[in-house]
Amino acid sequence: MKALKYIVSAVAMLPLSISAQNTGEGSTSAYNFLDITPSAHIYGLGGINITTVDDDINSIGQNPALLGPEFDFQIGFNYMRYIGGSNFTGLTTGGRATDRSGWAATVQYFGYGEMKETDAGGNILGSFSPKDIAIGGMYSHDITDRLRGGIAIRMLYSSYAEYSAMALATDLGLNYYDSERDLSLSLVVANLGGQVKRFTDRYDRLPVDIRLGWSKSFANLPIRFSVTAWNLTKWKLPYYDAGDGSAGSVMTLKDSFSSNLFRHLVFAADFIPSDRFNIGIGYNYKTRTDMSTYSRSFLSGFSIGAGLKVSNFKLGIAYAQPHTGASTFMLNISTNLYDFRN
């Protein structure tokens, strides 16, 4: 049991910069990978965004209500080079169910590289390659001309050394989109469900979350602004500030109203001069403060991404540096297979 605890904790540290949980009661170190977006566009906008309407099928991962019949016969590939030799990759495809509904299927692989396996006493037992796999389907339907609802169901498989587990996770989403005003509003209840097969007798909870989002452009400016609120199932998200990191510095607990408020918010701006090019920047205060006990860089909490449509393909890239020793890079490619009929 102790060995499993150390293994799960080590693996959970890898996606810390995106989805680290607070150390308060009820927190969990399992299934943090569910918050890692498969979209370079979304990753460039802070990693959490449920309102950005895009013609890239990779962007529907955090809100099934962004799926629709307009993604008919589209396919998207995503790859991320992450911290500690981790490599994440996946494939998403979608289609038209009716004129007012759409479907999608997705598979995501999270490989964390090779790690040393130790026992509770620190003795090296060998090495292992932990991984998480998520296989899922989505369905959406237009409730009105501007309101759409969606559901996503994913089967999760985790393998850490000799331990394995399975779980089911469900996302429910709503999106209101006014194309004339370029206004998008969303509500998502994420990661409902639980374990079907446990690692051991201990039950690991999924990171259930409620999220609200707003995106809008103004006047004739080709810039879309977004604010996303997440971790809304709990108000208090305290963290420890390590100060300047020197030997004499004292860690200070941060739990003020303003600190808790901003750790719930992700801010983003997306420059879209044409329908073939975009460049976005995001700021995730929780990511920055989660890194306060590590070698945080000036760029911690910031991310940047860009998208370009070339011929029948849409390409996306994104970059972030959670701390000085780690740079993360994401790549997307998507296309509509109907474009190749001729």
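Throughout, numbering of the chain's residues begins at 1 and tracks the sequence.
Taking the ring centre of F313 as origin, the terminal cationic atom of K309 falls outside the region bounded by 6.0 Å and 45° from the ring axis.
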**Item:** Worked verdict on R198 versus Y203 for side-chain contact (heavy atoms from CB on, under 4.5 Å)
**Value:** CA-CA 6 Å; R198 305 178 186 183; Y203 181 80; 3.6 Å; yes

**Request:** For D171 and V189, run side-chain contact (heavy atoms from CB on, under 4.5 Å): C-alpha distance rounded to whole Å, both residues' side-chain angles, the deciding distance at 0.1 Å, then the answer.
**Result:** CA-CA 6 Å; D171 296 347; V189 181; over 6 Å; no

**Message:** Please determine whether side-chain contact (heavy atoms from CB on, under 4.5 Å) holds for the pair Q195 and D204, giving the CA-CA distance in whole Å, both sets of side-chain angles, and the decisive distance to 0.1 Å.
**Reply:** CA-CA 7 Å; Q195 284 186 307; D204 292 304; 3.7 Å; yes

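Contact check on K314 versus D55 returns a salt bridge, with a Lys/Arg side-chain nitrogen under 4.0 Å from an Asp/Glu carboxylate oxygen. Ion pairing between R148 and D142 holds under the 4.0 Å rule for side-chain N and carboxylate O. A salt bridge links R100 to D145: one of the charged nitrogens lies within less than 4.0 Å of a carboxylate oxygen. Comment: K216 does not engage D182 in a salt bridge, judged by the lack of any side-chain N to carboxylate O separation of less than 4.0 angstrom. A salt bridge does not link D290 with R288: none of the charged nitrogens is closer than 4.0 Å to a carboxylate oxygen.
Here the side chain of T37 pairs a donor or acceptor atom with the backbone of S39 at under 3.5 angstrom. Remark: the backbone N or O of I75 is not paired with any side-chain donor or acceptor of T93 at under 3.5 angstrom. Within the 3.5 Å criterion, the main-chain N or O of I50 finds a donor-acceptor partner in the side chain of S186. Under a 3.5 Å cut-off, the side chain of N332 and the backbone N or O of L315 do not form any donor-acceptor pair. In this structure a side-chain-to-backbone donor-acceptor pair under 3.5 Å is missing from T170 to I153. D209 contributes a side-chain N or O that, together with a main-chain N or O of N231, makes up a donor-acceptor pair within less than 3.5 Å. With hydrogens and angles disregarded, no donor-acceptor distance shorter than 3.5 Å links the side chain of S159 to the backbone of K131. N284 places no side-chain N or O within donor-acceptor distance of the main-chain N or O of V266, the cut-off being under 3.5 Å. Distance alone, capped at 3.5 Å, is enough to place a donor-acceptor pair between the N260 side chain and the S256 backbone.
A donor-acceptor pair shorter than 3.5 Å can be found between the side chains of S164 and K197. The closest side-chain donor-acceptor pair between R146 and Y177, if any, does not fall under 3.5 angstrom. Checking N87 against R81 by side-chain atom types alone, a donor-acceptor pair falls below 3.5 Å. Residues N49 and H41 have side chains that never bring a donor and an acceptor to within less than 3.5 angstrom of each other. Between the side chains of N78 and Q108, at least one donor N or O sits under 3.5 Å from an acceptor N or O. For the residue pair N58 / S334, no side-chain donor-acceptor distance below 3.5 Å is found, with atom types taken as modelled. Between Y31 and D132, the side chains place no donor N or O within less than 3.5 Å of an acceptor N or O (distance only, hydrogens not considered). No side-chain N or O of S184 forms a donor-acceptor pair with one of S215 less than 3.5 Å apart. With no hydrogens or angles considered, a side-chain donor-acceptor pair links T289 and R263 at under 3.5 Å. If you check the side chains of S327 and Y319, you find a donor sitting under 3.5 Å from an acceptor.
Contact detail for G102 and L67: the closest heavy-atom pair is O-CD2, 3.6 Å. Taking both residues in full, the closest heavy atoms of S129 and E114 are given as OG-CA, 4.1 Å, listed atom of the first, atom of the second, then distance. Contact between N191 and V208 at its shortest, heavy atoms only, is O-CG2, 3.2 Å. Summarising the geometry of P69 relative to T98, their closest heavy-atom pair is CB-O, 3.5 Å, with the distance given to 0.1 Å. Across all their heavy atoms, L156 and A134 have their closest contact at CD2-CB, 3.7 Å. Minimum heavy-atom separation, P130 to Y160: CB-CD2, 3.6 Å.
In this structure, F199 has its ring center no closer than 6.0 Å to that of Y163.
Residues S59 and L66 form no side-chain contact, since every pair of their non-hydrogen atoms from C-beta on lies 4.5 Å or further apart. Between L187 and I210 there is a side-chain heavy-atom pair separated by less than 4.5 Å. K254 has its side chain out of reach of Y240: every pair of non-hydrogen atoms, C-beta onward, lies at least 4.5 Å apart. Here the side chains of W214 and T51 are not in contact, with every heavy-atom distance at 4.5 Å or above. For the pair T106/P38, no side-chain contact is recorded, criterion being any heavy-atom separation below 4.5 Å from C-beta on. In this structure, W230 and K286 have side chains that are in contact, with non-hydrogen atoms separated by less than 4.5 Å. In this structure, the side chains of M155 and M166 come closer than 4.5 Å at one or more pairs of heavy atoms. You'll find the side chain of F71 reaches within 4.5 Å of the side chain of I60, heavy atoms only.
Side-chain heavy atoms closer than 4.5 Å link hydrophobic residues (I, L, V, M, F, W, Y) into clusters, and following such links, possibly through other members, connects I135 to Y157.
Open room surrounds CZ on F262; 12 or fewer heavy atoms of other groups in view lie less than 6.0 Å from it.
Using a 30° and 60° split on the angle between ring planes, F218 and F225 fall in the tilted class, from 30° to 60°. Taking the six-membered ring for Trp and thresholds of 30 and 60 degrees, F88 and Y112 have ring planes more than 60 degrees apart, a perpendicular arrangement. Using a 30° and 60° split on the angle between ring planes, H264 and W235 fall in the parallel class, below 30°.
Note that the CG atom of D54 and the CD1 atom of I42 stand 7.0 Å from one another [nearest 0.5 Å].
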